[in-house]
Amino acid sequence: MTQLTTMEKLGVLADAAKYDASCASSGTSKRDSRNGKGIGSTEGSGICHAYAPDGRCISLLKILLTNHCIFDCHYCINRKSSNVRRARFSPQEVADLTLSFYRRNYIEGLFLSSGIIKSSSHTMEQMIEAARILREEHQFRGYIHLKTIPEADPELVRRAGLFADRVSINVELPTVAGLTRLAPDKSVPVIEGAMNVIQDAIVETRDAKRHFRNAPKFAPAGQSTQMIIGADAASDADIITRSSGLYGRFGLRRVYYSAFSPIPDASAVLPLKRPPLMREHRLYQSDWLMRFYGYRADEVNAAADPGGMLPLDIDPKLAFALKFRDRFPVDVNRAARETLLRVPGLGVRAVNAILSARRLRLLRLEDIARLTVSLIKVRPFIIAADWRPVMLADRADLRSVVAPRGGEQLELFGA
């Protein structure tokens, strides 16, 4: 077999890593090398956070250690039975590439995942070694995200967090039935067990930092996970409920959603068509409502149709308001912050601005107009000093009035 060059390996393994969406680098601890010690930084001059049009972070060197795999997950392009070109980096090659790209100011850090070679523990050891070389031998102060392997020895999962800013374990699919059907080598109890190991280590480290100044850091940017959307029959309500549970049980920083994309030589059990990208977008909006707007999972799910699917033509916050019109309009001069956050068209910044401004004077509709990009959406749901929606709030066709104008969303990979 022909030996691949480093650049050929990079072409194969960077392309193979593109399906993983959970590579944002926010939330890490502040480290830099401006004092002359070490190399790299997680902030400061020369660091550029670039994002693709669909929201995926592209400011990291995002690669697989290898796309060889002993598992045969139906949805994975790198599965054992897939006919793809294979490649493999050594830990030293990963470290050298990271340093080379960083010195050229192409990246701010490393996102490293992998297929499974020999065994889960062996693969995890190789990934940890790459991070260790960077941290200990080169004093690399930049960002490192390790995609840990739940089937690996728990002690290895713990060790990964000592070198990485963020660690993540993919739950893969929203339901047990979906995982059993499409990833027979994986197990929900094993995945959640590994997530629990990480959460315990984060809590222990946080407690140790209160008592010992020099206690080692463990995954300061926390842990995250990813779900594939549209590969199984899970509804949006199933996904939202699952995400809410993961946030509550494991203290996750983020749940990422990745719309299923058909792959070459796909298994017959997979759908032939990808879900609309707007579905992924609506799930991210729902996730945002739970994390920053105080919505419970059951409240977000109440905005879905009887089949548990969120509407694609309007955002879930607007869908909730239209479904529960008896809770509106709300008085912007009197309503509590939690109530104002439920108003379609008002974001967190706008609500904070309203709370500050109304201490000084009564707010009029023109004041609210300065805080939102869509006053048409806001008007039916608020009362101001000079405004009451009256008949507007009770219109039978209110949805058509407040729904955004425009055509169908373009497909990212469409012809």
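Just so it is clear, the values below take in all heavy atoms, side chains as well, and ignore hydrogens, waters and symmetry mates. Please read these numbers as outputs of a predicted model, since none were measured by experiment.
Ion pairing between R342 and E299 holds under the 4.0 Å rule for side-chain N and carboxylate O. Residues R210 and D207 are paired through a salt bridge, judged by an N-O separation under 4.0 Å between the basic side chain and the carboxylate. In this structure, E192 pairs ionically with R242, as a charged nitrogen and a carboxylate oxygen lie closer than 4.0 Å. With respect to the salt-bridge test (charged N to carboxylate O, under 4.0 angstrom), the residues D15 and R85 do not qualify.
Panel note: side chain T372, backbone G345; a donor-acceptor pair is recorded below 3.5 Å. Within the 3.5 Å criterion, the main-chain N or O of G308 finds no donor-acceptor partner in the side chain of N301. Of the possible polar contacts, none joining the S244 side chain to the I240 backbone as a donor-acceptor pair under 3.5 Å is found. Not a single donor-acceptor pair under 3.5 Å links the side chain of S100 to the backbone N or O of D96. A distance-only check finds a donor-acceptor pair linking the side chain of N333 to the backbone of L363 [under 3.5 Å]. With hydrogens and angles ignored, the 3.5 Å screen pairs a side-chain donor or acceptor of R358 with a backbone N or O of V332. Checked by atom type and distance alone, the side chain of K323 pairs as donor or acceptor with a backbone atom of A302 at under 3.5 Å. Proximity of a side-chain donor or acceptor of S120 to a complementary backbone N or O of I149 within less than 3.5 Å is not detected. The closest donor-acceptor contact from the side chain of R79 to the backbone of C76 lies under 3.5 Å. Remark: side-chain polar atoms of K186 are not paired, donor with acceptor, to backbone N or O of E151 under 3.5 angstrom.
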Working for side-chain contact (heavy atoms from CB on, under 4.5 Å), residues N78 and F71: CA-CA 9 Å; N78 302 311; F71 287 177; over 6 Å; no
Chi angles and distances behind the side-chain contact (heavy atoms from CB on, under 4.5 Å) call for L64, F89: CA-CA 8 Å; L64 301 185; F89 281 129; over 6 Å; no
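Judged by a 6.0 Å distance limit and a 45° cone about the ring axis, R282 is not positioned over the six-membered ring of Y257.
Taking the side chain to side chain donor-acceptor pair (under 3.5 Å) definition, one finds that Y75 meets it with E172, sequence neighbours left out.
The aromatic rings of Y143 and H145 sit perpendicular, their planes meeting at an angle over 60°, well past the 30° parallel limit.
For the pairing with K147, the side chain to side chain contact (heavy atoms under 4.5 Å, CB included) check across S168, S224, S114 returns one residue only, S168.
The shortest side-chain heavy-atom distance between V351 and R337 falls under the 4.5 Å cut-off.
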